[in-house]
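First up is the structure itself, then whatever we jot down about it.
This is a predicted model, so every value here is computed, not measured.
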Amino acid sequence: MRTTATRRRARTTRRLSLAGAGTAAALLAGLLTGCQSGGSDTEGERGAQAGPRWNTAPASIAAVGDSITRGFDACSVLADCPEVSWATGNDPAVHSLAARLLGEAQVPARSWNYAVTGSRMADLAGQLASAAEHRPDLVTVMVGSNDACRPTASSMTPVAEFRAGFEKALTSLRAASPTSQVYVSSVPDLQRLWEQGKDAPMVRQIWRLGICQSMLADPLSAAAGATARREQVRARVVEYNEVLREVCAKDRLCRYDGGAVFQYPFAADQLSHWDWFHPGKDGQARLAELAHRQVTAAEPPR
């Protein structure tokens with residue numbers, strides 16, 4: 001009996017030893033495979049979590065773009081008014097993004113506005129280069145309206161050129177200021193702005209001076225050609241916004257507004273009383289509100 005029991009214990013011990021060896025071999029193989037394949041999924045998740053995360057409370061802001069960010073026609077006719085800029089202004093009636101994030105007392109020292117009236121996407125790289133010198137925590141970008149607002153619809157910036165310009169500008173910013181976050185506003189719906197002013201005789205007279213003729217020329221015309229032209233301009237704006245979304249999505253520190261500005265239902269009383277096209281003070285305040293909501297959100301818009 002003792003001999004039989006001893007033999008059974010010996011066989012059991014051998015089986016356990018073989019099982020343990022097999023387990024160890026399997027673990028070793030798994031480790032080797034993990035090394036060869038670049039790590040496990042868990043390690044990849046840890047790496048992603050360790051990457052840069054969006055800061056909802058930036059301590060400095062630089063703004064780039066066109067006449068909207070310069071507050072053009074918001075205070076007086078045919079003049080910039082950066083103090084009411086949605087991005088960096090210090091007018092309490094607007095309560096700009098900078099004022100909301102930094103506090104009004106810090107706006108002069110911790111924010112910079114490099115937007116230029118009339119700018120197009122081709123000008124963005126130069127503006128971002130100036131902004132990068134400050135190593136800002138946040139850069140706001142609002143550009144594209146002038147790429148669509150041309151003397152004719154056929155002279156609008158081609159979509160491929162618009163994309164190349166944005167990619168180049170963002171790449172240059174990353175090289176100069178790697179940790180700067182970028183908030184990208186969508187291009188406004190120019191057709192909606194046309195709808196707000198087209199029925200007012202005085203507004204039509206002002207538009208004849210040359211404002212955004214690709215959209216605003218012959219504002220009351222319902223002819224097929226005029227209608228098709230307006231639809232073409234609006235379609236181009238939609239394409240520009242898709243470019244902004246796609247390019248921004250490739251940069252972990254870039255946040256597109258999800259079309260918030262394009263979708264915002266600007267009313268006539270939110271537009272400039274000099275051209276009924278650019279945002280007035282109330283329109284600038286609405287832009288600041290939209291931007292603050294997006295910048296301080298825990299997650300980007302869907």
Side-chain angles (χ1 to χ4, degrees), residues 48-66 68-71 82-116 119 124-144 166-167 169-187 244-245 247-261 264 279 283-302:
Q49 292 172 358
R53 295 184 65 82
W54 184 266
N55 176 15
T56 59
S60 58
I61 302 173
V64 298
D66 53 33
I68 296 177
T69 302
R70 290 299 297 177
E83 56 265 35
V84 302
S85 168
W86 67 273
T88 60
N90 56 13
D91 190 317
V94 173
H95 197 35
S96 70
L97 176 63
R100 295 169 195 245
L101 292 173
L102 312 178
E104 292 183 2
Q106 294 298 315
V107 171
R110 304 298 299 167
S111 68
W112 308 273
N113 192 325
Y114 288 103
V116 178
S119 292
L124 185 64
Q127 293 181 14
L128 285 177
S130 298
E133 293 178 2
H134 299 281
R135 300 293 192 274
D137 286 353
L138 177 69
V139 179
T140 67
V141 176
M142 182 181 284
V143 68
F166 189 38
E167 290 175 338
L170 200 55
T171 299
S172 297
L173 174 67
R174 277 289 155 258
S177 187
T179 61
S180 291
Q181 298 181 161
V182 181
Y183 168 74
V184 180
S185 167
S186 50
V187 182
L244 296 175
R245 185 192 68 79
V247 175
C248 187
K250 297 176 183 178
D251 187 308
R252 299 183 67 177
L253 288 178
C254 186
R255 180 173 286 192
Y256 174 62
D257 76 354
V261 170
Y264 186 79
Q284 291 281 347
R286 302 289 75 75
L287 291 173
E289 180 182 354
L290 289 173
H292 183 257
R293 188 182 308 159
Q294 304 288 359
V295 170
T296 60
E299 299 294 333
R302 300 283 180 186

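Side chain of Glu167 to main chain of Val247: no donor-acceptor pair is present (N/O by atom type, distance under 3.5 Å, no hydrogens or angles). Distance alone, capped at 3.5 Å, is enough to place a donor-acceptor pair between the Asp257 side chain and the Ser186 backbone. Side chain of Asn113 to backbone of Ala87: no donor-acceptor contact under 3.5 angstrom is found. A donor-acceptor pair under 3.5 Å is absent between the side-chain atoms of Ser85 and the main chain of Gly71, judged by distance alone. Put simply, the side chain of Arg255 gets close to the backbone of Gln294: a donor and an acceptor are under 3.5 Å apart. In this structure, the side chain of Ser96 engages the main chain of Gly89 through a donor-acceptor pair within 3.5 Å.
Atom CD of Gln284 sits about 11.0 Å away from atom CZ of Arg286, to the nearest 0.5 Å. With rounding to the nearest 0.5 Å, the separation of OG1 in Thr88 from CH2 in Trp112 is 10.5 Å. A distance of 4.5 Å separates CD in Gln127 from OG in Ser119, rounded to the nearest 0.5 Å. Rounding to the nearest 0.5 Å gives a distance of 6.0 Å between CZ of Arg174 and CG of Leu170. Here the straight-line distance linking atom CZ of Arg70 with atom CE of Met142 works out to 14.5 Å at 0.5 Å rounding. For the atom pair Leu101 CG and Thr56 OG1, the distance stands at 9.0 Å (nearest 0.5 Å).
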Requested in this report: With side-chain contact (heavy atoms from CB on, under 4.5 Å) as the test, would you mind laying out the steps for Val295 and Gln181 before giving the verdict?
Outcome: CA-CA 10 Å; Val295 170; Gln181 298 181 161; 5.6 Å; no
Query raised in the report: Step by step, would you call Ser172 with Leu128 a side-chain contact (heavy atoms from CB on, under 4.5 Å)?
Result: CA-CA 8 Å; Ser172 297; Leu128 285 177; over 6 Å; no
Requested in this report: Apply the test side-chain contact (heavy atoms from CB on, under 4.5 Å) to residues Arg100 and Glu289: give CA-CA distance (whole Å), side-chain angles for both, the deciding distance (0.1 Å), then the verdict.
Outcome: CA-CA 9 Å; Arg100 295 169 195 245; Glu289 180 182 354; 4.1 Å; yes
Report task. For Trp54 and Leu138, run side-chain contact (heavy atoms from CB on, under 4.5 Å): C-alpha distance rounded to whole Å, both residues' side-chain angles, the deciding distance at 0.1 Å, then the answer. Result -> CA-CA 10 Å; Trp54 184 266; Leu138 177 69; 4.1 Å; yes
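Residues His95 and Glu104 form a side-chain contact, since some pair of their non-hydrogen atoms from C-beta on lies under 4.5 Å apart. Taking 4.5 Å as the limit, some side-chain heavy atom of Leu244 sits within range of a side-chain heavy atom of Val187. For the pair Val143 and Val64, the minimum side-chain heavy-atom distance is 4.5 Å or more.
Minimum heavy-atom separation, Asp137 to Ala59: OD2-N, 2.8 Å. Scanning both residues, Tyr256 and Cys248, for their nearest heavy atoms gives N-SG, 3.5 Å. Across all non-hydrogen atoms, the minimal contact from Pro178 to Leu253 is O-CD1, 3.9 Å. Summarising the geometry of Ser60 relative to Leu102, their closest heavy-atom pair is N-CD2, 3.8 Å, with the distance given to 0.1 Å. Residues Leu290 and Ala260 approach most closely at CD1-O, 4.1 Å, considering heavy atoms.
Trp86 and Tyr183 have perpendicular rings, their planes meeting at more than 60° on a 0 to 90° scale where under 30° would count as parallel.
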